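Because the structure is predicted, anything quoted here is derived from the model rather than measured.
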Amino acid sequence: MAPPPPEAAVHSPSSPQYTQQFLSNVLSQRGPSSLPYSEDVKWLIRQHLVSLIDMCPSLQPRTATFTYNDGRTVNLLQANGTVPMVYLDATYNIPVIIWLLESYPRQSPLVFVNPTRHMVVKDSHPFVNSSGIVSIPYLTNWVYPSSNLVELVRNLSNFFSRDPPLYTKRNPNPNPHPPPGTSFSNSGSTRPAIPPRVYPPSPYGSGSGGVVGRKMDDRSEVDKKNAIDELMVKLHSDIEGLGKAREADMEGLFNAQGVLRRREEELRKGVKEMLDEKEGLEQQLQMVLMNTDVLEGWVRDNETKVKKIGNVDVDEAFELCDRLSKQMSDCNASDLAMEDVIYSMDKAIQDGAIPFDQYLRNVRLLSREQFIHRATASKVKAAQMQAQVSHMASRLSQYALS
């Protein structure tokens with residue numbers, strides 16, 4: 001991309017108020033003549049340019065037509081003027097143009113050195129190519145919204161001071177002072193693009209080998225220092241980029257590790273629940289098998305007896321197998337019988353068949369005896385469960401051996 005000829009609207013830099021008014025007018029335009037910047041950043045663009053002019057009055061804003069390599073043209077803002085630099089204890093002014101492209105300030109501006117007719121761009125400059133395009137680390141590492149034009153100009157001055165990008169042409173009648181700023185025509189009147197000023201001579205000598213004003217240090221030593229500085233800047237940028245990439249990778253791995261740990265705990269909990277359920281089902285299966293064997297044996301033992309006896313008394317149909325079962329049956333029968341007696345006494349007291357004091361005395365005696373039978377039944381039941389567990393263990397060992 002190359003800067004077009006400056007046929008554009010310019011303004012007088014006589015006062016900061018006029019500059020601010022100019023910026024407000026061009027950035028507030030609407031319709032086909034509006035500048036192609038996003039509405040949400042126009043105020044920030046204005047602040048960047050106002051701060052730049054306050055710091056470096058030699059740069060003045062204007063609008064101009066920018067031409068891309070593909071021939072497309074667009075009306076953009078630019079800061080046109082000079083950037084001061086110090087070289088060998090002398091101050092020089094480097095003419096530059098800072099174009100604010102359509103993506104500014106989210107992306108860096110485009111900076112050109114703008115040599116006069118008595119100057120040319122230094123060959124193989126580390127930060128300025130033959131077309132005058134400037135590429136310094138501050139532009140390469142531009143970060144929105146912290147980067148701004150003021151810091152850009154300071155960096156330009158610093159890098160230009162290390163290695164000036166311009167030198168004077170070979171001229172049989174050298175003129176140490178370049179001509180004043182070019183005037184532009186606008187609506188029939190003539191205005192200076194920048195305040196007329198005298199450019200000091202370039203710090204590089206003419207093609208005849210002389211040095212303008214002073215003699216340079218060893219050129220090879222200067223080139224070596226510049227190469228080292230450029231290498232350090234690139235190395236620092238690469239290290240910073242690698243560090244950020246590794247930090248992002250580590251953060252992703254830590255997050256994945258946390259997710260895997262949570263899933264591991266959930267799986268362990270699920271496996272434990274399934275093992276507990278399996279153990280419970282196995283116990284129930286053994287109980288069912290044991291009860292099935294007992295019932296099948298009882299049926300086999302009593303099937304022939306039923307056929308021989310014919311009608312069987314219900315009270316004699318079941319024979320208790322052990323002492324604990326007989327004791328449990330007696331306790332349950334006594335408990336139910338006393339429950340029936342108490343129920344009958346309740347009906348009698350309601351009908352007035354017995355006196356109230358006799359009712360209370362009998363109920364108290366029956367309740368005490370009923371409590372004793374229930375407590376005995378509870379102990380017998382615990383003893384039966386213990387015996388049943390022991391029996392199950394013996395049967396399980398038999399199944400294991402078989």
Could you check whether atom [atom1] of [X] has more than 12 heavy atoms from other residues, nucleotides or ligands sitting under 6.0 Å from it?
| X | atom1 | value |
| --- | --- | --- |
| Glu277 | CD | no |
| Met232 | CE | no |
| Arg72 | CZ | yes |
| Arg30 | CZ | yes |
| Phe371 | CZ | no |

Starting from the C-alpha separation in whole Å, work towards a yes-or-no answer on side chain to side chain contact (heavy atoms under 4.5 Å, CB included) for Met119 and Val113.
-> CA-CA 11 Å; Met119 300 178 181; Val113 293; over 6 Å; no
When you measure from the side chain of [X] to the backbone of [Y], do you find a donor-acceptor pair of N or O atoms at a distance under 3.5 Å?
| X | Y | result |
| --- | --- | --- |
| Ser344 | Asp340 | yes |
| Trp142 | Pro105 | yes |
| Tyr92 | Pro164 | no |
| Ser378 | Arg374 | no |
| Ser161 | Val86 | yes |
| Ser157 | Val153 | no |
| Ser237 | Val233 | no |
| Asn129 | Ser131 | yes |
| Thr82 | Ser58 | no |
| Tyr104 | Leu77 | no |

Can you tell me how far the [atom1] atom of [X] sits from the [atom2] atom of [Y], to the nearest 0.5 Å?
| X | Y | atom1 | atom2 | answer |
| --- | --- | --- | --- | --- |
| Leu76 | Glu102 | CG | CD | 6.0 Å |
| Leu149 | Leu59 | CG | CG | 9.0 Å |
| Leu285 | Met287 | CG | CE | 11.0 Å |
| Asn148 | Leu44 | CG | CG | 9.0 Å |
| Ile94 | Leu156 | CD1 | CG | 10.5 Å |
| Lys381 | Gln327 | NZ | CD | 15.0 Å |

[X] side chain near [Y] side chain, heavy-atom distance below 4.5 Å:
| X | Y | result |
| --- | --- | --- |
| Glu296 | Asp293 | yes |
| His236 | Pro137 | no |
| Val259 | Arg263 | yes |
| Cys56 | Pro84 | yes |
| Tyr138 | Ser147 | yes |
| Asp163 | Lys122 | yes |
| Ser135 | Thr140 | yes |
| Tyr68 | Leu101 | yes |

Asn25 and Gln29: side-chain donor and acceptor closer than 3.5 Å?
-> no
For residues Ser51 and Asp54, is any side-chain donor paired with an opposing acceptor at under 3.5 Å?
-> no
Any ion pair linking [Y] and [X] (charged N to carboxylate O, less than 4.0 Å)?
| X | Y | answer |
| --- | --- | --- |
| Arg154 | Glu151 | yes |
| Glu240 | Lys244 | yes |
| Glu264 | Arg268 | yes |
| Glu39 | Lys42 | yes |

Among Val83, Asn80, Leu166, which residue meets the side-chain contact (heavy atoms from CB on, under 4.5 Å) test with Pro95?
->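 Exactly one pass, corresponding to Leu166.
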For [X] versus [Y], what's the shortest heavy-atom pair and its separation?
| X | Y | answer |
| --- | --- | --- |
| Met85 | Phe160 | SD-O, 3.2 Å |
| Val121 | Gly132 | CG2-CA, 4.5 Å |
| Phe22 | Pro61 | CE2-O, 3.8 Å |
| Ser24 | Ser28 | O-OG, 2.7 Å |
| Pro126 | Glu230 | CB-OE1, 3.5 Å |
| Phe112 | Val134 | C-CG2, 4.3 Å |

Intermediate values then yes/no, side chain to side chain contact (heavy atoms under 4.5 Å, CB included), Ile354 and Asn362 = CA-CA 11 Å; Ile354 60 174; Asn362 292 332; 5.5 Å; no
Decide yes or no on salt bridge (Lys or Arg N to Asp or Glu O under 4.0 Å) for Asp238 and Lys234, but give the supporting numbers first.
-> CA-CA 6 Å; Asp238 292 342; Lys234 291 182 178 179; over 6 Å; no
Would you check, one step at a time, whether the test side chain to side chain contact (heavy atoms under 4.5 Å, CB included) holds for His48 with Leu100?
-> CA-CA 11 Å; His48 282 190; Leu100 308 187; over 6 Å; no
Take Val380 and Gln384, measure what side chain to side chain contact (heavy atoms under 4.5 Å, CB included) needs, and give me the verdict at the end.
-> CA-CA 6 Å; Val380 171; Gln384 285 181 327; 4.3 Å; yes
Show your working on side chain to side chain donor-acceptor pair (under 3.5 Å) between Asp322 and Ser325 and close with a plain yes or no.
-> CA-CA 5 Å; Asp322 56 14; Ser325 299; 2.5 Å; yes
